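Each remark here refers to the structure printed beneath this line.
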Amino acid sequence: MPLDEAFIDTSYMSYTIIKDKRVLRDSYIPDTLPGREEQIFQFSRILSDLLVDQPPSDVAFIGKPGTGKTAVVKHVIKKYRNEYPNLRAKFAYVNCSQATTAYRVLYQLNRSLGVLVPPSGYPFDVLWDKFVDAYMTSNSRLVIVLDEVDLLVKRDGGRLLYALTRLNYDLPEELSISLVVISNTMDFLERLDPRERSSFEPNRLQFPPYNHPQLYQILRQRADLGLKVGTWEDEALQYIASRVAQESGDARRAIDILRMAAELAENERAEKLTKEHAIMAVDTVNEEEVSITVRTLPLHHRLILAAIADVLERPVVRAGTGTIYRAYEQRASLYGVKPLTMRRVSGILRELESQGLIEIEMQYGGARGNTKVVKKMALPLRQMRNLLAQMGIR
DNA sequence: TATCCACCGGAAGATGGGGTAT
DNA sequence: ATACCCCATCTTCCGGTGGATA
């Protein structure tokens with residue numbers, strides 16, 4: 001018997017529940033996607049034009065966060081790459097949340113064609129020409145996936161989309177560019193100006209929120225792959241599934257909760273992941289998420305958040321933009337910085353809303369005027385205060 | 001019916017900080 | 001060193017908005 005065996009403490013191992021942590025992250029893409037069979041079928045069918053060397057039509061994936069849009073795209077593209085290695089087609093995937101400007105998207109596209117250009121400092125036209133040149137000589141059809149395209153369109157107004165679709169008219173028969181755009185909402189299509197809309201009319205693939213049985217299947221799949229046999233109770237999965245189905249149908253969130261529940265169970269050296277762990281995990285995931293986003297917030301965003309807490313503390317006062325702004329001015333002078341303008345603060349309130357840190361409701365009319373009113377924060381006031389205090393704002 | 005209040009949100013320009021090329 | 005680029009963040013400016021009020 002090996003000598004060192006006696007010196008290794010293996011007792012903690014018997015409590016281990018997690019088998020493969022990667023599986024419990026939402027970036028992991030499993031071999032099958034429960035509940036998205038129809039979308040996979042549709043998208044595969046659209047791409048199948050490539051098999052007869054025809055250009056596939058453009059597609060728009062529409063659906064709320066965590067409804068499997070990105071997963072379906074990656075899944076199907078992977079399948080095509082594996083099953084048809086000799087296909088005369090290239091796929092390029094760009095996530096516009098990392099590349100929010102036309103310049104940076106083009107930078108990514110160049111890279112995926114093997115052209116290295118500087119990440120900034122170059123004239124846009126040069127990047128465009130390089131891209132076109134590189135594509136012309138590639139001798140294959142191109143499918144460009146633009147994930148979170150609404151972020152790009154918001155800034156760029158869709159000029160890049162227009163340029164890319166227009167390019168098709170100048171290409172020879174055997175070349176083509178097809179766009180697959182992914183978006184949370186449909187309103188980015190309305191943001192495009194009329195000229196663009198007439199040349200860009202994608203097929204629409206809807207991604208509805210997952211329901212309870214679908215979420216259960218997803219969790220079941222992750223548990224089977226990522227957790228050890230017999231270390232979890234079915235009830236826990238059912239609880240997460242029903243909870244998430246009610247509030248959002250967001251699979252990403254369900255998977256997060258499952259992972260957190262498993263970690264909680266391990267931490268207290270439980271033998272099994274139970275429903276109680278799942279219940280606790282819901283709150284913990286919330287806290288963790290908020291804490292992470294608040295930590296990355298710039299100074300003035302934090303001051304505004306603190307000002308909102310100040311105002312909400314006095315329930316008599318309406319937490320409208322004006323009141324919040326005056327509280328923020330005090331915070332700023334206390335902190336010794338020059339306050340931003342009201343226009344800017346108004347915009348930041350919207351930013352905080354879209355980051356899920358506050359809830360806003362519009363109130364129209366009256367002598368009090370039109371204003372945003374903050375209804376509540378993502379965490380109880382005390383917790384939010386603590387968080388801000390940790391960052392020197394008290 | 002006109003006006004006003006108190007804020008909304010688009011557009012455009014300023015600012016400052018990153019970069020490249022010569 | 002100089003002359004260009006890109007770009008996020010703010011400021012400035014300004015035409016809405018809709019019930020309350022005169």
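Because the structure is a prediction, the values reported are computed rather than measured. Lettering follows sequence order; numbering is per chain, from 1.
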Whole-Å distance separating the CZ atom of A:R155 from the C1' atom of B:dG10: 15 Å
Electrostatic pair A:D256:A:R252 at N-O distance under 4.0 angstrom: no
Integer-rounded Å distance: B:dA6 P and A:N370 CG: 12 Å
Parallel, tilted or perpendicular: ring planes of A:Y135 versus A:F131, cut at 30 and 60 degrees: parallel
Residues within residues 100-115 of chain A bordering DNA chain C, heavy-atom distance below 4.0 Å: A:T100, A:T101, A:Y103, A:R104
Within-4.5 Å side-chain heavy-atom neighbours: A:S44 and A:I40: yes
CZ (A:R88) with more than 12 external heavy atoms under 6.0 Å: yes
side-chain N/O A:K372 vs B:dC7 OP1/OP2, d < 4.0 Å: no
Main-chain N/O of A:L205 paired with A:Q39 side-chain donor or acceptor, under 3.5 Å: no
Partners meeting side-chain hydrogen bond (donor to acceptor under 3.5 Å, both in side chains) with A:N168 (sequence neighbours left out): none
Heavy-atom side-chain contact between A:E361 and A:V374 under 4.5 Å: no
Worked verdict on A:Q383 versus A:L387 for side chain to side chain contact (heavy atoms under 4.5 Å, CB included): CA-CA 6 Å; A:Q383 262 175 286; A:L387 243 146; 5.7 Å; no
Between P of B:dC4 and OH of A:Y364, the distance in whole Å: 24 Å
Axial cation check for A:F188 ring with A:K154, 6.0 Å and 45° limits: no
A:Y122 ring center near A:Y103 ring center (under 6.0 Å): no
A:K154 NZ to B:dG10 C1', straight-line distance once rounded to whole Å: 14 Å
Spacing between A:Q363 atom CD and C:dG19 atom P, to the nearest angstrom: 13 Å
Spacing between A:Q98 atom CD and C:dA8 atom P, to the nearest angstrom: 13 Å
Short N-O contact, A:D26 and A:R253, less than 4.0 angstrom: no
Between the protein and nucleotides 14-16 of chain B, which nitrogen or oxygen pairs come in under 3.5 angstrom?
none

Pair A:E351 + A:R344, salt bridge at N-O below 4.0 Å: yes
Neighbour count above 12 (heavy atom, 6.0 Å) for A:D31 CG: no
is_close_aromatic(A:F61, A:F207), centroid dist under 6.0 Å: yes
Interface residues of residues 119-131 of chain A with DNA chain C (non-hydrogen, below 4.0 angstrom): A:G121, A:Y122, A:P123, A:F124
Interface residues of residues 308-337 of chain A with DNA chain C (non-hydrogen, below 4.0 angstrom): none
Neighbours of DNA chain B within residues 341-361 of chain A, by heavy-atom distance under 4.0 Å: A:M342, A:R343, A:S346, A:R350
Donor-acceptor pair, side chain of A:R243 and main chain of A:A254, under 3.5 angstrom: no
Any side-chain heavy-atom pair of A:F41 and A:I46 under 4.5 Å: no
